[in-house]
Undergrad: 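Submitted below is the structure of interest, expressed as structure tokens.
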Protein chains: 2
Amino acid sequence: MATPTDGTRDDAGRVRRVTRADVARAAGVSTAVVSYVMNDGPRPVAPETAERVRAVMAELGYRPNFTARALNLGTTHTLGLVLQDTLNPFFAELAQSLERAASARGYHLVVAESHGDPATEQRLVAELTGRQVDGLLLMSSGDRWRDPAPRDPRDPPTVLLDCAGPVAGRHTIGPDAADGARAAVTHLAQTHGRRRTGLVIGPDGLASPDPRIVGWRDAIAAHRVIEGPLMIETWSNAGGYRAARRLIETGTLPDALFVSSDAQAIGVVRALLEAGVDIPRECPLVSFDGTRAGEYTWPALTSARQPVGEMADLALDLLTSERSTPRHHAFPVGLVLRESCGCPPTPPSVASDH
Amino acid sequence: MATPTDGTRDDAGRVRRVTRADVARAAGVSTAVVSYVMNDGPRPVAPETAERVRAVMAELGYRPNFTARALNLGTTHTLGLVLQDTLNPFFAELAQSLERAASARGYHLVVAESHGDPATEQRLVAELTGRQVDGLLLMSSGDRWRDPAPRDPRDPPTVLLDCAGPVAGRHTIGPDAADGARAAVTHLAQTHGRRRTGLVIGPDGLASPDPRIVGWRDAIAAHRVIEGPLMIETWSNAGGYRAARRLIETGTLPDALFVSSDAQAIGVVRALLEAGVDIPRECPLVSFDGTRAGEYTWPALTSARQPVGEMADLALDLLTSERSTPRHHAFPVGLVLRESCGCPPTPPSVASDH
DNA sequence: GTGAAAGCGCTAACAC
DNA sequence: GTGTTAGCGCTTTCAC
């Protein structure tokens, strides 16, 4: 009875990898046949031969070497994902959806974090390209790619996520953020009668100006609302916390707040509650993203929700299916009504975990 | 003036990859010299030759093929990371630290999610191994590896993270969870005078029984506290929410709560607040993990903090440095006092984002 | 239905 | 200091 390491030791007796050649030898066939069996083609193999080869593979504990295959085929079935901040709940959910979508299509994801630094981002793109990834998923300020250095035709196909609008020669995916902002401010004005709405947002958003600022102003104009303070802080819990603290300390807290990310909204809620501000009575708020993290603040966040699952699926189709001509893909963001705006409480969707 | 694609088209005129051979030819040297220049060895190269080679590389836009290098060297500089749930704040923070630690050492991470399913986990390990990863970082119930199938000597070095104790033949890393639980319950008893403390935990924890249950019982015995209800729900916001709802609905809410993960604690806080329970007055709580997400609930979570950064650094050292004999590495978990236990409020560490 | 052999792009031992 | 060359493990064309 052969053990997995029979005949797989080198002259010094060390364990050696079992290769396709070992299998071929043991099965008394050529290496080509082993390939045909493994890949079910491109040439036919007699059933009994195939069976014998499979038996030998099992016996020897043969494991195909993916690297060798990749070198030969020129394809790694790997995609690179560059994120700014994996802890931001929106990025985290999108990353999770992307991983699922990739996995469903037989791809693996190499994930790297840029911390929003352009130089790091460039370095990571170069590194991943050198690793022969079959595609690149980039989440970064879309503006950064708007005037790209002349693109190298050997670059892997790329999709820019979290992008405000078209970028020449690129597939881009993003929310219809202006529309989401408009819906948020309109809801605050029309349903909850708020007349002065501020905005919390971050630097280097989807574009300049960020469409959420545009949408906020649009809705303000349309509903004769007064423009409240515009606070720019980092895209994080801490950023939101700081923004809200400043509003409180300077006594400029408006009638209502539109917060451009769930990450910031969580910090805003914390700061407001800490200061004894009643949400939604004194300062209702609507956020942007609609992540599950926003379901678990108290009060839970009413949010303009980005359809992360659909975005991820499209991103993967773009990278793994037939090439289509680059264009922008905008996704609608619908308002998810929870209680931070003043709507009646709804318990979190607790039936399932996801 | 050569452009990046000069001489890099095949007979059909399609863009071809620039290889080391193209560089060698254009520079009038052998391929070996190009290698020596790139790798700065193993043989010396005349400065002027090296300069010429570098110039040609730049001119041609040469990009080394990582796959080919990996095949030759038998090392991919890639590590596999298998997580159960990327949205759990503790896993997310650990994953972020691991990515940083990997990046600092020149490694990339292939990240995959098992959703806690043992079969998926096994499949992912096999896939990643086939991809010739240089090491595997596994976050899963340690018990699952306790009686491993006879290990294949060709498996990549592996470290089990979030592990309660030693597993034969494996490097394992984990928190001293029993100690953390003890500290939590003791703090609730001694500092805040709580006499009846319940526990919220999840299924398939660090071990069976989970050391947090053991520590909780230890402290209960040591401080003559009454054992409150033991609630088992999933390791998620939703799980925590459900646990707290059940406690409220059945009128069994204890004097204080030790919640075994920040993910659950966020859900517990939400449910308690929603039901009008005053935290910390009516039901103080201490959680386990000490993630940054726990800084932004209101009240913020007092937590037994796991040192994720240190754990990640050790994991990477174990995988990338000289082989040491497998053993368990336990990390101390210290209590981070915030306000959910009843200690005086402290604002979140807002100075920096990380 | 099967096998021989070229080659994917790179490294490094060995010869000069 | 530089060049030649034999692989790394796999796929696939082409002959038989």
Side-chain angles (χ1 to χ4, degrees), chain A residues 8 10-11 14 16-54 56-57 60-77 129-134 154, chain B residues 8 10-11 14-54 56-57 60-77 129-132 134 154:
Chain A
T8 58
D10 63 13
D11 301 338
R14 283 182 301 260
R16 224 201 48 211
R17 275 214 148 68
V18 177
T19 72
R20 195 205 60 242
D22 297 317
V23 175
R25 199 173 315 115
V29 297
S30 77
T31 60
V33 171
V34 180
S35 267
Y36 301 154
V37 171
M38 288 223 46
N39 306 335
D40 198 22
R43 316 275 6 244
V45 176
E48 47 278 19
T49 312
E51 204 33 69
R52 187 153 33 94
V53 169
R54 264 186 277 270
V56 171
M57 290 196 307
L60 259 39
Y62 168 65
R63 299 183 189 174
N65 182 324
F66 205 90
T67 305
R69 186 170 209 272
L71 175 58
N72 194 306
L73 260 27
T75 174
T76 54
H77 263 60
T129 302
R131 273 174 190 258
Q132 324 297 120
V133 294
D134 291 342
R154 301 158 304 168
Chain B
T8 59
D10 61 14
D11 301 338
R14 284 182 301 260
V15 178
R16 225 200 49 209
R17 276 215 147 66
V18 177
T19 72
R20 196 209 52 232
D22 298 317
V23 176
R25 197 174 316 116
V29 298
S30 76
T31 61
V33 171
V34 180
S35 265
Y36 301 154
V37 171
M38 289 225 45
N39 307 335
D40 198 21
R43 316 274 8 245
V45 175
E48 46 279 19
T49 312
E51 204 35 69
R52 187 152 34 94
V53 169
R54 266 187 275 270
V56 171
M57 292 198 302
L60 259 37
Y62 169 65
R63 298 181 189 176
N65 182 323
F66 205 89
T67 306
R69 185 169 209 270
L71 174 60
N72 194 307
L73 260 27
T75 175
T76 54
H77 263 60
T129 302
R131 274 176 188 257
Q132 323 298 118
D134 292 342
R154 301 158 304 169

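We name chains A, B, ... by the order of the sequence lines, and we start the count at 1 in each one.
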Undergrad: Regarding Val29(B), tell me which of base, sugar-phosphate or nothing describes its non-hydrogen contacts under 4.0 Å with the strands shown.
TA: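 Sugar-phosphate, backbone atoms only, no base.
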
Undergrad: Determine the minimum heavy-atom distance between Leu60(B) and Ala26(B), stating which atoms define it.
TA: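 Heavy-atom minimum between the residues: CD2-CB, 4.1 Å.
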
Undergrad: Quick check on DNA chain D: between Ala32(B) and Thr31(A), whose nearest nucleotide comes earlier from the 5' end?
TA: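 The residue whose closest nucleotide sits nearer the 5' end is Ala32(B).
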
Undergrad: Could you tell me the boundaries of the chain A footprint on DNA chain C, defined by atoms under 4.0 Å from its heavy atoms?
TA: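 For DNA chain C, the relevant span reads dG1(C) to dG9(C).
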
Undergrad: Ignoring hydrogens and angles, write down the donor-acceptor pairs under 3.5 Å from the side chains of residues 39-54 of chain A, residues two or more places apart or on other chains.
TA:
unit_1	atom_1	unit_2	atom_2	d
Arg52(A)	NH1	Ala27(A)	O	2.4

Undergrad: Angle between the end axes of the helix from dG1(C)-dC16(D) to dC16(C)-dG1(D), five pairs per end, to the nearest 10 degrees?
TA: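 Result, rounded to 10 degrees: 40°.
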
Undergrad: Nucleotides 14-16 of chain D: which of its N/O atoms have a protein N/O under 3.5 Å away?
TA:
unit_1	atom_1	unit_2	atom_2	d
dA15(D)	N6	Arg43(A)	NH1	3.3

Undergrad: Run the side-chain donor-acceptor check on residues 61-71 of chain B: report pairs under 3.5 Å with partners two or more places apart or on a different chain.
TA:
unit_1	atom_1	unit_2	atom_2	d
Arg63(B)	NH1	Asp155(A)	OD1	3.0
Arg63(B)	NH2	Asp155(A)	OD1	2.7
Asn65(B)	OD1	Thr67(B)	N	2.8
Asn65(B)	OD1	Ala68(B)	N	3.0

Undergrad: Considering every strand and a 4.0 Å limit on heavy-atom distances, what is the contact class for Gly28(B): base, sugar-phosphate, or nothing?
TA: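 Touches sugar-phosphate only.
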
Undergrad: Dump every N/O contact between nucleotides 8-10 of chain D and the protein below 3.5 Å, one line per pair.
TA:
unit_1	atom_1	unit_2	atom_2	d
dC8(D)	O2	Asn72(B)	N	3.4
dG9(D)	N2	Ala68(A)	O	3.3
dC10(D)	OP1	Tyr62(A)	OH	2.5
dC10(D)	OP1	Asn65(A)	N	2.8
dC10(D)	OP2	Arg20(A)	N	2.6
dC10(D)	N1	Arg20(A)	NH1	3.4
dC10(D)	O2	Asn72(A)	ND2	2.6

Undergrad: Quick check for you: to the nearest 0.5 Å, what is the distance between His77(A) atom NE2 and Gln132(A) atom CD?
TA: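 So the NE2 of His77(A) and the CD of Gln132(A) are separated by 15.0 Å.
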
Undergrad: When all nucleic acid strands are considered with a 4.0 Å heavy-atom cut-off, which category describes Ala46(B): base, sugar-phosphate, or nothing?
TA: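 Touches sugar-phosphate only.
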
Undergrad: Drop me the distance from Met38(B)'s CE to Met57(B)'s CE, to the nearest 0.5 angstrom.
TA: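 Nearest 0.5 Å value for the CE-CE distance: 5.5 Å.
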
Undergrad: Could you report the tightest heavy-atom contact between Thr76(B) and Arg131(B), atom names first, then the distance?
TA: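 That would be CG2-O, 3.9 Å.
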
Undergrad: Give the minimum heavy-atom separation between Asp22(B) and Thr19(B), together with the two atoms involved.
TA: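 For Asp22(B) versus Thr19(B), the nearest heavy atoms are OD2-N, 2.8 Å.
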
